[in-house]
Amino acid sequence: MTPEARAFPERAPIGWDGMTLKQMLDHSDQVFAETGRYHGLDGLELKKNDPIRYERMYSRMRGGVVTARENAAKIAASPLVEEMGEVCFTLYTPEGDSIALSTGIIVHVHTMSDAIKHIVRNDYEVNPGIEDGDIFVNNDPQISNVHNADVQTMVPVFWEGELVAWAAGVTHEVDVGARTPGSSSVGPISRLEDGIDIPAMKCGSNDTLFRDYVDRCRRAVRTPLYWSLDEKTRIAGCHMLRDVVLELIESEGIETYKRFIREVIEEGRQSFLERMREQLVPGVYRAPVFIDYQLAAEPSLPRHAARDGVLHSPMEVTIRPSGKLEISLDGANSWGFHSFNCTPTALQGAMWAVLAETVMSSDKVNDGAYFASSLYLPFGSWTNPGHPMTSHSDSWYILVPAFAALPRALSRGYHARGYVEEVIAGWGDGNYLQGGSPDPFGDQAAISNMETSCVGAGAGIIQDGLDYASSSWFPTGDMGDVEDWERMEPLLYVARRVKPQTCGFGRRRGGMGFESLRMVWVDEYELQNIGDGTMFAQSGLFGGYPAASGYRHNIRNTNLPQLFAERRPYPTGEPDTADSELSQLVDGEPTRDLRGTTMIEAYSRYDLYLSMIRGGPGLGDPLERQLEDVQRDLDEGLILRRFAEAVYAVSLREGDDRLEVDAGESEAARDRARRSRAERAVPVSEWIEAERRDRILPQRLVGPVREMYRSSMELSPRWARHFRSFWGLEDDFEFTEDER
Amino acid sequence: MSYDRATLERLLDGGLGPAEVHRIMSQFKDPDRFEKMPAIHEDRVEWGDRILLPLGEALYIVETPERERIVRCRCGHDFGDYRRNWKLEALVNVRNTQEAIDELYPPLMGCDPEWMELREFYCPSCLRQLEVEAVPPAYPIVFDFEPDLEALYRDWLGRPLGSS
């Protein structure tokens with residue numbers, strides 16, 4: 001007898017029909033591979049024979065997960081969970097396939113699925129054992145997560161000795177004890193710095209957490225109170241879900257329940273394929289995305305990590321005649337010594353979440369869609385590092401823009417089929433305000449502001465983009481009350497206001513972003529900016545422009561005490577960067593540049609920090625924007641006069657109390673603007689030849705961009721062929737390595 | 001589920017109120033939309049060829065009398081076979097200087113042209129801005145959308161593609 005066998009004596013399998021869970025998962029995988037249908041179901045008999053009962057069962061489940069989220073979230077103290085709702089609950093089959101989910105951060109419906117499958121595949125049933133009342137927890141990205149700050153709790157549900165479901169919940173933590181404070185720490189360059197790591201482990205039994213686990217966590221994070229109450233939130237929600245399942249089985253019978261959960265997922269799969277065929281167009285869609293990071297000048301980073309770079313997300317979406325959706329990121333460049341690497345499960349979760357908001361318009365939103373889609377992630381790239389030591393603490397940095405592009409790609413299909421109401425040009429993102437410092441008592445503090453849950457949405461065909469109301473990764477997002485953030489963060493809100501010019505322009509403009517001007521209200525604090533700077537995160541659609549990119553404008557050692565004492569005007573933001581209210585009204589030491597992302601930096605009382613939340617991309621030729629829409633933008637202060645004139649080519653005159661668009665003059669101005677395009681444009685063929693000669697062959701590119709190409713071409717022979725073929729280059733053309 | 005032409009025209013033009021749009025988005029999709037929407041587009045252009053697929057706000061794949069399937073601008077300008085990227089036949093204005101970026105974005109709120117450029121693709125005839133790419137310099141022009149027309153018509157719509 002092996003030591004393990006002595007430690008964990010043989011027990012009856014807890015799967016169905018005498019199988020272990022691992023055997024159930026292997027069987028499920030095998031049957032799907034053979035038949036292409038979930039558990040090989042020929043038809044949806046339960047749904048067909050008793051549709052009312054079937055839908056009632058689903059409603060009880062769906063109602064149960066939503067109710068669990070709404071109630072359990074009240075246990076938490078963290079504004080991220082309690083107010084903004086960064087929590088999600090899901091029910092899974094014994095194999096780990098999602099059946100029904102709540103609202104919230106639904107990206108984790110799939111990451112928790114993979115965590116359960118990790119538990120099943122690694123035979124936790126034997127060691128450490130899976131029993132009624134057990135509690136499991138995971139936050140390890142390389143097992144199944146986006147980043148360590150998303151903590152997953154999983155509770156097995158038993159009925160007469162068989163495991164019949166997993167109840168799972170996830171919350172987004174304010175802090176996980178990473179190298180620098182905050183939930184999406186930018187600073188870690190290996191997993192050792194990503195914060196507390198809990199690699200899918202049993203953390204409790206008999207509905208009670210193990211003391212050693214509780215103590216370990218309490219000692220490992222900067223905000224143990226939030227952590228502890230978030231954990232209780234997750235456990236309470238899971239136990240509510242367990243009751244839902246048990247009551248359902250009691251009233252409907254175990255055999256009906258078992259059939260039901262198979263059918264619901266198969267229906268989700270079939271429904272997904274039907275929605276694709278019903279609403280989209282087979283073919284290939286492309287939506288590449290890029291995001292910059294500028295860390296070369298950071299003195300706290302070692303030389304191999306102090307680099308500027310670009311993350312390349314060459315998204316290619318293929319919809320097969322069957323309706324199957326395939327997404328490829330072939331051509332993505334290498335992983336790096338930074339905090340932005342992603343795991344395959346994170347990308348699968350992001351794909352699933354965006355699909356849930358778009359084509360998965362059936363009420364059976366579950367892992368059925370996962371079984372109807374696929375994702376190719378090149379090994380060695382930031383999408384699939386394949387290295388055990390990579391950092392993932394801010395995977396969202398690229399994950400958000402990369403998958404905000406998916407709706408833009410699919411919108412071409414929606415538009416083609418005539419479903420113009422579904423068209424959306426993408427989403428904005430950032431800035432993420434993070435930081436922390438010891439408080440006067442020596443306790444570590446951390447903040448992780450999530451106003452960026454409410455960015456501007458992309459423009460549509462039928463209307464402008466939604467202003468500062470939600471985000472691609474969190475459809476029910478909330479920017480949080482100013483008072484709540486102030487309660488948690490030692491930074492007062494000087495102002496929170498809509499920021500002009502943040503939207504992408506077009507016939508339809510993108511949704512507006514906003515800005516929060518924060519004043520540090522402790523003697524010492526460390527903060528960082530996290531967002532794009534030198535690059536637009538998204539293209540527009542059908543002739544619309546990208547939304548504005550981000551920048552940094554913070555001021556240290558301000559004269560605000562003097563301004564307040566003398567009751568002089570103080571700034572409330574920066575509506576026009578060319579005529580900066582912030583610069584004009586405050587004296588101090590400004591940092592004002594395109595470095596949208598930095599490491600944490602020291603701030604003092606009365607220092608100012610500007611947090612700019614991005615807008616959404618635009619759609620359509622701006623010269624076709626209705627004049628009354630331009631007038632409304634002017635009236636509401638969303639666009640500055642000179643850009644209304646330059647981008648929309650309108651003629652303005654001073655009215656009694658406002659600028660007025662002159663309709664007659666504007667038509668002539670637009671004609672002139674349209675004709676001027678011919679003067680500055682060239683045929684594409686001429687431009688390609690000149691670009692090849694003057695830029696490509698001499699490799700006249702800034703270092704981070706050249707390195708991006710070199711890396712993408714090295715990792716993907718296919719993408720390298722595409723690049724060389726487009727520019728008419730020799731087969732051996734390659735970019736030289738960045739000398740840094 | 002089906003909507004009359006007047007409703008669809010108002011939808012397309014942004015003339016429906018939020019409640020009505022919400023109702024349409026929440027309902028099951030009307031399966032005859034593809035019967036009706038291209039017809040609305042056809043009535044709004046001055047040329048007579050059949051629209052096989054709307055490709056952009058002002059771009060369509062049409063079938064010519066010679067049974068060629070080409071990309072055509074709303075103004076009537078032809079870009080050639082739909083299986084080849086129409087952008088290669090367009091005019092392009094590349095904003096790759098600070099001055100050109102500053103025409104569209106306030107200081108600090110536009111890209112650094114060393115890292116990223118804007119490519120504005122215009123129709124050579126009507127000069128309409130059809131697409132804008134935001135990509136690093138040297139990025140191959142993006143072929144945004146290659147529809148599989150055969151599969152759409154034959155397999156999904158169950159009818160022949162064009163007049164062939």
Side-chain angles (χ1 to χ4, degrees), chain A residues 277-279 281-286 288 290 292 310 321 412 415-421 462-463 501 534-536 539-540 542-546 548-549 551 576-578 594 620-621 640 646-647 674-675 677-678 680-685 687 695-696 701-702 704-705 708-709 722-723 726-727, chain B residues 11-12 14 16 21 24-25 29 31 33-34 36-38 53-58 87-94 103-112 114-116 118 120 122 127-148 151-152 155-156:
Chain A
R277 292 191 294 258
E278 174 190 83
Q279 300 178 20
V281 174
V284 181
Y285 306 69
R286 296 182 184 87
F290 314 85
D292 61 285
V310 177
R412 297 181 188 278
H415 175 259
R417 288 295 294 269
Y419 297 115
V420 291
E421 68 275 19
I462 64 170
Q463 57 197 356
Q501 299 288 140
T534 56
M535 304 179 100
F536 298 114
S539 291
F542 297 157
Y545 284 109
S549 50
Y551 67 101
D576 185 355
T577 50
L594 290 181
D621 187 343
L640 301 169
V647 181
R674 203 170 281 114
R675 283 199 300 276
R677 286 173 171 171
R680 58 175 186 259
V682 296
V684 164
S685 55
W687 175 77
R695 189 190 291 279
I696 312 289
L701 292 166
V702 68
V705 172
M708 178 198 83
Y709 287 125
H722 166 64
F723 186 92
F726 180 83
W727 293 112
Chain B
L11 175 69
L12 180 62
L16 295 182
V21 169
I24 289 174
M25 291 183 80
K29 290 300 181 199
R33 184 79 69 96
F34 195 69
K36 295 175 175 174
M37 204 57 106
L53 197 75
L55 199 61
E57 271 229 296
K87 290 177 182 170
L88 300 175
E89 301 301 322
L91 296 179
V92 66
N93 173 47
V94 181
E103 287 174 6
L104 304 176
Y105 298 90
L108 298 170
M109 292 173 71
C111 63
D112 179 336
E114 297 263 34
W115 291 61
M116 179 168 265
L118 290 179
E120 300 167 346
Y122 307 141
L127 297 168
R128 180 176 274 116
Q129 184 163 293
L130 297 168
E131 203 68 67
V132 178
E133 288 183 357
V135 292
Y139 205 75
I141 289 175
V142 181
F143 196 171
D144 300 301
F145 182 25
E146 295 180 66
D148 184 345
L152 171 67
D155 300 341
W156 290 16

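Naming: A, B, ... by sequence-line order, numbering from 1 per chain.
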What is the distance from atom [atom1] of [X] to atom [atom2] of [Y], rounded to the nearest 0.5 Å?
{"X": "A/R277", "Y": "B/L152", "atom1": "CZ", "atom2": "CG", "value": "12.5 Å"}
{"X": "B/M109", "Y": "A/D576", "atom1": "CE", "atom2": "CG", "value": "9.0 Å"}
{"X": "B/L130", "Y": "A/D621", "atom1": "CG", "atom2": "CG", "value": "8.0 Å"}

Practice prompt. Take A/F723 and B/Y139, measure what ring pair (Phe, Tyr, Trp, His ring centres under 6.0 Å) needs, and give me the verdict at the end.
Written response: CA-CA 8 Å; A/F723 186 92; B/Y139 205 75; 8.0 Å; no

Measure distances from [X] to the heavy atoms of chain B and classify the residue's part below 4.5 Å as side chain, backbone, both or neither.
{"X": "A/F542", "answer": "both"}
{"X": "A/R674", "answer": "both"}
{"X": "A/V281", "answer": "both"}
{"X": "A/Q501", "answer": "both"}

Between [X] and [Y] (salt bridge meaning N to carboxylate O under 4.0 Å), is one present in this structure?
{"X": "A/R412", "Y": "B/E131", "value": "yes"}
{"X": "A/E278", "Y": "B/R33", "value": "no"}
{"X": "A/R286", "Y": "B/E146", "value": "yes"}

Practice prompt. With ring pair (Phe, Tyr, Trp, His ring centres under 6.0 Å) as the test, would you mind laying out the steps for A/F536 and B/Y105 before giving the verdict?
Written response: CA-CA 11 Å; A/F536 298 114; B/Y105 298 90; 4.8 Å; yes

Worksheet item: For B/P31, is it the side chain, the backbone, both, or neither that has a heavy atom closer than 4.5 Å to a heavy atom of chain A?
Response: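 For B/P31, backbone heavy atoms alone lie under 4.5 Å from chain A.
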
